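Worksheet: one structure, shown below.
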Amino acid sequence: MNNFKNLRGTVDLLPDQLIKWQNVEKIIIEQLFRASVKEIRTPILEMTELFMRGIGEGTDVVSKEMYTFLDRGERSCTLRPEGTASVVRALIQNGVSSKPSQKLWYMGPMFRYERPQAGRQRQFHQLGVEFVGYESARSDIEIITLAWDILEKLGIKELNLEINTLGDQNDRSNFQKAFLKWLEVNKNSLDLDSQKRIDKNPLRILDTKNVQTKKILEDSPKLVDFLSEKSLERYLTIKDKLKLLKIPFIENFNLVRGLDYYTHTAFEITSGLLGSQATVCGGGRYDNLISQMGGTETPAIGFAIGLERLILLSGKDLEESRETDIYIVNKGLNAETMAMDLSRKLRNYDLKTELDLSGASFSKQFKKANKLKSKSIIVIGDDEALKNEFIIRLFNQENFENMEETISVDDVTKLDNWLDKNLLLKRS
RNA sequence: GCGGGCGUCGCCAAGUGGUUAAGGCAGUGGCUUGUGGCGCCGCUAUUCGGGGGUUCGAAUCCCCUCGCUCGCCCCA
């Protein structure tokens, strides 16, 4: 077998699977539209520097997971590992300060070079939403509820919302000092991975999965205790409002998330049904990112939903495709021309039609129509073509002796009536 | 990058040293050239992910390699 194969960690989505994808995407996009969130599309490819600066060089994503290569002009390019940096770049480039606040969404492929496993691929898809220019605690709540409602609209159950606050830069550096002191003292009790992180990214030690380290961390300084009054108040408001809106959440002081740009609110939505990669949605506030990247000081908050994981969680009801309404059986030279003509006309209706192109025997074409569970068929042979008419027949599975009718090609009214009576009306 | 499990047809599989590699689904041709569910009869892997070795004999045993998969790390 030396046939070509797809690259590791990439997948082909075949027609049957795409039915579910399309249904899920449709529900999401409609929901975003109703919330007046507008779409933005940015290139999949960006200069490497954008992600190094935006996401942070110390992060795992940047230090070991990027698809980076030199183009023919020797420029270092990277396939985007996430969407926020690109959106921010696009906004700065197009003059964010001159525009009012905006609510944006994007959807598309992202790339991270990791070992694939359940719910993780090298090319995967994200839906992202970014509220740019919004500073109030209410925008945090709005973002969280938006994510929550999308998941609910898709009928996904058994979700856990976890929230935390990382404070502002000042809060965080105060905490970090205290935390580092504590880490020095307790260094030897930590697991090896965590020890390595002390220099590289101490905050991340907080969300270790190592059971022992977790236990020891219970006695470590807590970030909440280092929050300024303003930061704390903001955090309390968010918790209160979530309660009022009846969105269940758990506080997780160890939730720090892997990207450097977060401030204040950080949140994650997980599902126990996903295996070890449990996060469906992750997000948070990034008030400093835009200015860090050269824009004017602009607060912002956003989240990203992993579409593959979303698809795994979505119900079977979204997998069903619409049935064929009319299958057009045709054979013979004149008949074939007439069938093509008729099939084009039928596309002016809200119908799903299929024109048989096989030229096979009538018997075969009927079998095909039956296999497709077509609701009705049109039959055109040379006999009909000669008289400029066609036979249309209901074709459901239970009733075998279906009524059929002969209609002249020019008799639009009669066709309309038949479709109304037998197909169009039935659906509503 | 590191562990565990697994690779027999498009899919699901039986076979665990004896040479014609079961079976089912799907596909396809026919019974039935203009008429559909069911049924019946054909066809569909010179080969068991690939390479090497052991043996009279290998899908079956050994070595290497590739791939898939689950987990660690981290994330969506």
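Note that the coordinates shown come from a computational prediction; the quantities given were computed from them, not determined experimentally. Residue numbers begin at 1 in each chain, while the letters A, B, ... track the order of the sequences.
Remark: A:S276 is not in phosphate contact with B:C70, judged by side-chain N or O atoms under 4.0 Å from OP1 or OP2. Between A:R8 and the phosphate of B:C68, there is a side-chain N or O to OP1/OP2 separation shorter than 4.0 Å. Neither OP1 nor OP2 of B:U28 sits under 4.0 Å from any side-chain N or O of A:K364. A sub-4.0 Å separation between OP1 or OP2 of B:U32 and a side-chain N or O of A:S361 is absent.
The partner of B:C40 is B:G30, by the rule that a Watson-Crick or G-U pair needs both atom distances under 3.5 Å. B:U46 is unpaired under the criterion used here, namely a Watson-Crick or G-U wobble arrangement in which both key atom distances are under 3.5 Å. Across all strands shown, the partner of B:G71 is B:C2, judged by Watson-Crick or G-U wobble contacts whose two distances both fall under 3.5 Å.
Residue whose closest nucleotide on RNA chain B sits further toward the 5' end, between A:N6 and A:Y262: A:N6. When each of A:G9 and A:C281 is assigned the nucleotide of RNA chain B with its nearest heavy atom, A:G9 is the one assigned upstream, toward the 5' end.
In this structure, of B:G34, B:A76, B:C73, it is B:A76 that holds the atom nearest to the side chain of A:T279. In the set B:C70, B:G27, B:U35, B:C70 carries the atom at the smallest distance from any side-chain atom of A:A118.
Taking the side chain as every heavy atom from C-beta outward, A:F253 and A:L206 never approach each other to under 4.5 Å. A:L289 has its side chain out of reach of A:T263: every pair of non-hydrogen atoms, C-beta onward, lies at least 4.5 Å apart. The side-chain heavy atoms of A:I407 and A:E389, taken from C-beta on, include no pair separated by under 4.5 Å.
Counting any heavy atom pair closer than 4.0 Å across all strands shown, A:G381 reaches a base atom. Among the heavy atoms of the strands, none lies under 4.0 Å from A:E82. Among the protein residues, A:E308 comes within range of no part of the nucleic acid, since none of its heavy atoms lies under 4.0 Å from any strand. Residue A:G128 is classed as having no contact, given no heavy-atom separation below 4.0 Å to the nucleic acid. Within the nucleic acid shown, A:E384 comes within 4.0 Å of at least one base atom, counting heavy atoms only. In this structure, A:A278 reaches the bases: a heavy-atom distance under 4.0 Å links it to at least one base atom across the strands shown. Residue-level contact check: A:K368 touches neither bases nor backbone, having no heavy atom under 4.0 Å from any strand. Among the heavy atoms of the strands lying under 4.0 Å from A:R115 is at least one base atom, whether or not backbone atoms are also near.
Taking the C1' atoms as reference points, B:A22 lies 13 Å from B:A45, given to the whole Å. Nucleotides B:C56 and B:G51, compared at atom P, are 23 Å apart to the nearest Å. Across B:U44 and B:C9, the matching C1' atoms stand 8 Å from one another, rounded to whole Å. Nucleotides B:U8 and B:A76 are separated by 36 Å at their C1' atoms, to the nearest Å. Taking atom P on both nucleotides, B:U46 is separated from B:G10 by 10 Å, rounded to a whole Å. Nucleotides B:C63 and B:U55 have their C1' atoms positioned 16 Å apart, rounded to a whole Å. B:U33 and B:C25 have their C1' atoms separated by 29 Å, with the value rounded to a whole Å. Spacing of C1' atoms, B:A13 relative to B:A26, comes out at 14 Å, to the nearest Å.
Using a 3.5 Å distance cut-off with no hydrogens or angles, the side chains of A:Q169 and A:R172 do not pair a donor with an acceptor.
In this structure, A:F179 and A:W182 have parallel ring planes: the angle between them is below the 30° cut-off, well short of the 60° mark.
Relative to the six-membered ring of A:F362, A:K331 misses at least one condition, a distance below 6.0 Å or an angle of at most 45° to the axis.
Atom-to-atom, CD of A:Q365 to C1' of B:G36 comes out at 12 Å; the value is rounded to the nearest Å. Computed from coordinates, the A:D12 CG to B:G10 C1' distance equals 14 Å when rounded to whole Å. In this structure, OH of A:Y113 is placed 20 Å from P of B:A76, rounded to the nearest angstrom. Nucleotide B:G36 holds its P atom 9 Å from the CZ atom of A:F395, rounded to whole Å. A:K367 has its NZ atom 11 Å from the P atom of B:U28, to the nearest Å. We find that CD of A:E114 is positioned 14 Å from P of B:U69, with the value rounded to whole Å. Atom CD in A:Q117 sits about 7 Å away from atom C1' in B:C70, given to the nearest Å. One atom, NZ of A:K64, and another, C1' of B:C72, lie 10 Å apart when rounded to the nearest Å.
Contact record, A:I141 with A:K241: CD1-CB, 3.1 Å, taken as the closest heavy-atom pair.
Considering A:D140, A:D168, A:T165, A:L227 as possible partners of A:R234, the one that fulfils the side-chain contact (heavy atoms from CB on, under 4.5 Å) test is A:D140.
Taking the 5.5 Å centre cut-off and the 30° plane limit, the aromatic side chain of A:F362 is classed as stacked on B:G34.
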